[in-house]
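Numbering of residues begins at 1 and proceeds along the displayed sequence.
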Amino acid sequence: DRMGLWQCKLRYRTQEEVLEVARRYQKEGIKIDQIVIDFFHWTVQGDWKFDEKYWPDPKAMVDELHSMGIKVIVSVWPSVDRKSENFWPMLDRGLLIKTERGALQTYDFQGDCVEIDVFNPETRKYVWEVCKKNYYDFGIDAFWLDNSEPDFGVYDFDHYRYIDGPALSCSNIYPQLYSRVFYDGMKAEGEENIVNLLRCAWAGSQKYGNVVWSGDVPLAYPQTLYFSRKLYRHAKGPILEDDFPRSGGRCRAATKRGICRRRRLGEFRQAPLPSCRFASSHLPQGDGFRGGGKVSGIAQRRPLGGAGTA
């Protein structure tokens, strides 16, 4: 019940939008196993909670989705904005990545952020306690642990330091430890079949319930061919996923062809994850996301076969 169709798009802006999509799937008789609530459903990065303005009753939303047989995944990032209610408590306790020189900043997308130091067991405990209260206790079933490399604003690895040492010496294992924030927490709650989504992995990640996808992929045939080859190469390892399309809403015919191509590829996957990604001018607008415009209508049409883009 977790490894079928995972429904996703960038992004569901409100609680009602998620429910409308799920209700339409049910009306059309199309089975989806999980629905993904992507980034910026939160207030600011690092608060790790739904924005009440747009998500007034997450528990009721999750209960209704569960009644349809749909499990719920939410996106969690490891970045903590200085505006977050968790920034200063985490900074004071040494739970964030440190910099060797200059300003304390590791990430600057949509905010002035520092990422969590998952090498520190106290960090992992702190983040899980917040996410348990604000997500898991509402019935959220799984977590999309995005930016799990972590995604630095500038990739100067000699500039960053974890509690275990400089990033140059140990940063590759970051995604594995990041996944353990949630795997260990869910395990302690009695969960047995834990499945979380990451875009990066390292040795040992397979032990921690990781489904791995490739990150954002351009809508072009060479990239599709490349990732289809990787799919077969990694068939016995972590599951490879991708996002589509990055077309900016232009070239609609090419976009449709690309979506159909990705859907066919999705038939060979244990967990097809269709995710519509559009250029910044077509991103939905919300209080926590600085972007304009609206999502192209192609993301709202009825899905075909084993993948959907609703």
Would you check if the side chain of [X] reaches a backbone N or O of [Y] as a donor-acceptor pair within less than 3.5 Å?
X	Y	result
Asp33	Leu5	yes
Asp63	Met61	no
Asp57	Ala60	yes
Asp51	Lys53	yes
Lys31	Gly69	yes
Tyr54	His41	no
Ser148	Pro175	no

At their closest point, which heavy atom of Asp81 faces which heavy atom of Gln110, and how far apart are they? OD2-O, 4.0 Å
Scanning both residues in full, the closest heavy-atom pair of Asp108 with Gly153 reads OD1-CA, 4.2 Å
Are Trp77 and Trp42 close enough that their ring centers fall under 6.0 Å? yes
Regarding [X] and [Y], does a basic nitrogen lie under 4.0 Å from an acidic carboxylate oxygen?
X	Y	value
Lys133	Glu129	no
Arg199	Asp146	yes
Arg13	Glu17	yes
Arg180	Asp184	yes
Glu16	Arg23	yes

[Y] and [X], any side-chain heavy atoms less than 4.5 Å apart:
X	Y	result
Tyr12	Val21	yes
Phe109	Asn147	no
Glu149	Tyr174	no
Trp144	Val74	no
Ile37	Val18	yes
Val114	Val80	no
Pro56	Gln15	yes
Gln34	Val72	no

Could you verify whether a donor N or O on one side chain and an acceptor N or O on the other, from [X] and [Y], lie under 3.5 Å apart?
X	Y	value
Asp112	Gln105	yes
Gln45	Ser79	yes
Tyr162	Ser169	no
Tyr183	Gln176	no

For [X] and [Y], take the angle between the two ring planes, folded into 0 to 90°, and tell me which bin it lands in: parallel under 30, tilted 30 to 60, perpendicular over 60.
X	Y	value
Trp128	Phe143	perpendicular
Tyr178	Phe182	perpendicular
Phe157	Tyr160	perpendicular
Phe50	Trp55	tilted

How long is the gap from [atom1] on [X] to [atom2] on [Y], to the nearest 0.5 Å?
X	Y	atom1	atom2	value
Asp158	Glu100	CG	CD	8.0 Å
Leu198	Ser179	CG	OG	5.5 Å
Arg161	His159	CZ	NE2	12.0 Å

Quick one: side-chain contact (heavy atoms from CB on, under 4.5 Å) partners of Asn120, sequence neighbours excluded? Leu95, Asp117, Glu122, Thr123, Ile163
Is there a chain of hydrophobic side chains (I, L, V, M, F, W, Y, each step under 4.5 Å between heavy atoms) that links Val44 to Leu96? no
Audit row: Tyr136, Asp141, side chain to side chain donor-acceptor pair (under 3.5 Å) steps and yes/no: CA-CA 7 Å; Tyr136 187 81; Asp141 300 285; over 6 Å; no
